[in-house]
Structures are given as C-alpha cells and as structure tokens.
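Per chain, numbering begins at 1; letters A, B, ... match sequence-line order.
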Protein chains: 2
Amino acid sequence: MRPGPRRSLTHAEILDAAFDLLEAKGFAAVSVRGVAGSLGITPTALYTYYPSKRALLRGMIEHLLARLDVGADEHVAVTGATTVDAVRARVLRIALSLRELLAGHAGALELIMSGPLDGPNAMRLDEALLESFATAGLALDDAAPAVYAVRAYAFGSIALQSAEVDVEADAAASEPLIKTDVPGAALWTDLARFPLTEQAATVTAQRNSTAQFVWGVERLLDGLLARG
Amino acid sequence: MRPGPRRSLTHAEILDAAFDLLEAKGFAAVSVRGVAGSLGITPTALYTYYPSKRALLRGMIEHLLARLDVGADEHVAVTGATTVDAVRARVLRIALSLRELLAGHAGALELIMSGPLDGPNAMRLDEALLESFATAGLALDDAAPAVYAVRAYAFGSIALQSAEVDVEADAAASEPLIKTDVPGAALWTDLARFPLTEQAATVTAQRNSTAQFVWGVERLLDGLLARG
DNA sequence: ACCTGAACACCGTTCAAGT
DNA sequence: ACCTGAACACCGTTCAAGT
C-alpha cells in the first residue's frame, strides 16, 4: 500500500500500544519506530499525533497517573480515629498507590523519571498531599516542603528497588564487569571492610520490601507531623 | 593509520574522557562511540577495556562516588553537643555531599540511576550511614531501614530536582506537546482546579532548593531518631 | 593483548511527495 | 490532515583480520 488509507488513530489507542510494548519488552523498546510498527504505521505518521518522542512519553505518564488513587478528604469525626491518624492513613495510601502503579508496570519508573512531573494528574497528586497535610494542621509553609519530601522518598525508594531488580536480570551475563586497575576496584568483593553492611544485608534480606517502604513513610510522617 | 600503534590506555584516562563528555554534552553523549572517538580510538577498541557500555557506566559511578565525603565517626564527648546531634550532623553532611556530587556533574544522576549501586564506594556510603545510626543508638533492625530511607529520600529528591531543571532546557522547543483528545489533558492549564498547589507554587518559588532538601532530611531524621 | 574496518540491527527526526 | 518512502546522523555490539 503506497499512501495508504486514512486510519485515524486515537491518542488512547497509541498509548495503549505503547504500554503493551513497555510491559512486554521494557522501556528501551518504547521507540517511535517500535510504537509505530506495532500500530501498523510508519514512524513519520506518529509525528502527526505527537511532535516528539518526549511528547509521547509525557502522554504515557499522564495515562499512567490517571490510575493513581489519591483517596478523599473525609473528615472522620465519628470514629475514634484522630484527624492526624486519618491523614497518616491517606498519605500512606497515596504513597502505596504510587508504588504499586510504578512497580506494577515494568519500565514505568524509567518512564516517570524521563521528564518533569507537571501534567494535570501529577498536580492531582500534589493537591491531594497538600490537602492532607493542611488537614493535619500544617501551615502551607510546612505543607509544601512536606509534599516535596514525601514525593522524594516515594520516587527514590521505588527507583532504588527497581535498580536492584535489574541485578537479577544481569546475572545471566555473568562475566566480570571490570577487569583491572580501576581506582578502588581491587577490593570489589572485600566485604570484610564493611562489617555493618554485611550484617545489615542478612537483616534486609528477611524483610519484605513493601514493609520497608511503609516503615520509611511512617518515620517520615513522624517527623513531618510533629510540627502540626 | 591502519592497525595503529599500541596506545595502551588507562581505565582512569578512559573514565576522565567519559566525564568530560558527560559534563560537556550530557548523558546521551556518553556513548561507546563518543567516548572512543574522544580518545582517538575505534569503538571496538573500547571493548578491550570494558565488556559493555553498562560496565563503562559502572566504572564511571565508582569513579564519581570515590569523591563522596562520608565523614568520620568522631565521638564528640568534649564539646557540649550530644551524640545524637553529632549523628544528625554527619548524616546531613553525607546527604549534602551526595547531592552536591550529583547536582554538580550534569547527567550524573542519570548515570547513577542507570544501574544498581553495589560497588565498593556505594558500600562505603552505606557503611557510614549504618555507623551513624548505630552510634545514635539504633539497633541494626532499625538502622538498616533507616539507611534505606535516607538513600531513598536523597536520590528521589535529587531526581525530582534534576527533572525540573530539564523543563527550562525544553522551554526553547516551545510548541505545545499535546494537541487534542488525550484523556484528561483538556484541562492542562486549569490551575483553578488545584488551589493549594497554586498557592504552594509561590511559596516554593521563594525557597532555596538546598534549604528544602535540608529541611526534608531534618524531618526524616526527626522520625528516624525518635526511636533511638 | 590491543587495535582496525566492516557489518548487523537498531535509534529520533526531517523532508518531499502523495491522497 | 494523515500518511509513505527515503534519507541523515546517530546507536550498541560482533566478527574476522591485522600487529
């Protein structure tokens, strides 16, 4: 087919195809050519819908964050729970929802880290967190950096976790990554120099990573809400 | 020159060239071909020193983290400062050193996020943080996740900041990134729907980003050390 | 052991041309 | 407006061959 018939795709169809690629073959496979190919279209045709790869990725991020559960600002007055407890529960729920979203789709983290988070759904996330901290009695001067801290912890935590997962994938390519003479690399396996790290490794191995994530959010909230 | 003379490069020379490229042209420019080219060498020749691009990046990460200041475990008994205050100061110093290191070199964050942090210098970082929390009286069961939380906050914070910086770079390409019909994108600029976020934006704009980073570390430490 | 040159299977993006 | 085909300037990696 030379010029081809008018196919007229939806943005939603394109994004769905992109996510299928992301889930099936990872972030690297989400190329302009790859997405176009899976839609039976030329790379150039995709540029009719999105002016650049970056724009396509932005669209994907919004699509993903649309599924984020930010909860509601229910003032639980009737039950025995204090407002602060309700706020803690909501922030934790948001953080866990974010984690689930990014851990669930392979490559979603790289996607989200590939650019700034300033779309409407990212703002929805910020608004929910700000609302929570305001409800807990924080002034905006404290609530704004508190939101920043929660976002930083959540994204960093997910990033560290997903980087660790990559190790297992690399285990197949088991050749030594370094050969000689890199400064400081001679003692690559000298665990004895880091006794606490060695001990901690066994502790960490036993712990559920979700539990660790939650524990950190709780500690952060301890510090954040102490000023309410 | 066909087969060429034996140049016999050092790993250090290669890494220096790679960092020059990183600083001058960003992470994307750190390609096997690019690094090889800047050394006056064929891409294939680079594979004699590093078996893959990933291995080269690992070498770069170690090279970078070697400059990390993790402080020392001085028990300040003489001065009026409590041990807990000394620990707070040390953790903060490490976090700031990490931030400075990654913010200083353009593209360093992408570099560090490109793979797991398990080299000797990454372990040196972990060991220093574990030591700090142990000194503050935390049991290893709490110290290990505390280290995890600090790392998560620090990396996440730096990641969010560097993603924001990219916005300014994109300002030149000022065409609209989305055209129509993306779900939820119609209200892309509808700031009125997020009143708190709008207010917070003016607050955040006034604040120094380093101050915000420090504030978050302090709050996290508040929560972490409350159990010592 | 270290290096070259050619090749394979990819990238993002642009441009003239078709309907 | 939507699409094609060809092209430009790139990727990481492999392989046979040279010294």
Side-chain angles (χ1 to χ4, degrees), chain A residues 1-11 13-14 17-18 21-22 25-60 107 110-111 114-115 166 169-170 172-173 175-181, chain B residues 1-11 13-14 17-18 21-22 25-60 107 110-111 114-115 166 169-170 172-173 175-181:
Chain A
M1 46 178 110
R2 277 297 184 80
R6 306 287 160 83
R7 226 161 311 207
S8 216
L9 294 163
T10 329
H11 283 267
E13 287 173 312
I14 295 171
L21 259 178
L22 183 67
K25 300 185 188 172
F27 185 69
V30 183
S31 59
V32 175
R33 292 173 130 96
V35 174
S38 79
L39 287 163
I41 260 180
T42 332
T44 340
L46 238 183
Y47 281 83
T48 315
Y49 298 92
Y50 294 97
S52 67
K53 184 185 181 180
R54 182 89 164 203
L56 173 65
L57 294 181
R58 266 181 190 257
M60 290 180 72
E110 280 157 293
L111 176 65
S114 69
D166 290 346
D170 280 359
E175 297 170 77
L177 284 178
I178 292 292
K179 303 190 164 174
T180 47
D181 116 349
Chain B
M1 45 177 110
R2 276 298 185 80
R6 305 290 160 83
R7 227 163 306 207
S8 217
L9 295 163
T10 329
H11 283 267
E13 288 173 310
I14 295 171
L21 259 178
L22 183 67
K25 300 186 187 173
F27 185 70
V30 183
S31 61
V32 175
R33 292 173 130 97
V35 173
S38 78
L39 286 163
I41 259 180
T42 332
T44 340
L46 237 184
Y47 280 83
T48 315
Y49 298 91
Y50 294 96
S52 66
K53 185 185 182 181
R54 181 88 164 204
L56 173 65
L57 294 181
R58 264 178 191 259
M60 290 180 72
E110 279 159 293
L111 177 65
S114 69
D166 289 346
D170 280 359
E175 299 170 76
L177 284 177
I178 293 291
K179 302 188 166 173
T180 47
D181 117 346

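- The two residues A:G107 and A:F27 come nearest to each other via the heavy atoms O-CD1, 4.0 Å.
- For the C1' atoms, the distance linking C:dA16 with D:dC3 amounts to 13 Å, nearest Å.
- One interatomic measurement links the two molecules: CG of B:L39 to C1' of C:dC3, which rounds to 14 Å at whole-angstrom precision.
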- [ ] Check step by step if side chain to side chain contact (heavy atoms under 4.5 Å, CB included) holds for A:L57 and A:M60.
- [x] CA-CA 5 Å; A:L57 294 181; A:M60 290 180 72; 4.1 Å; yes
Expected string for nucleotides 6-13 of chain C under the B/S/- scheme (protein heavy atoms, under 4.0 Å, primed atoms plus P, OP1, OP2 as sugar-phosphate) is -B---BBB
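- When the P atom is compared between C:dC10 and D:dA9, the two are found 22 Å apart, to the nearest whole Å.
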DNA chain D in dot-bracket form (Watson-Crick or G-U pairs under 3.5 Å, [ ] crossing, | inter-strand) is ||.|||||...|||||.||
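- What separates CG of B:L46 from C1' of C:dC2 is a distance of 12 Å, to the nearest Å.
- Side-chain N or O atoms of A:Y49 include one that pairs as donor or acceptor with a backbone N or O of A:L9 at under 3.5 Å.
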Donor-acceptor contacts under 3.5 Å from residues 29-42 of chain A side chains, at least two apart:
unit_1	atom_1	unit_2	atom_2	d
A:S31	OG	A:G34	N	2.8
A:S38	OG	A:V35	O	3.0

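- Taking atom C1' on both nucleotides, C:dC2 is separated from D:dA17 by 13 Å, rounded to a whole Å.
- Shown here are the side chain to side chain contact (heavy atoms under 4.5 Å, CB included) partners of A:A28, two or more places apart in sequence or in another chain: there are none.
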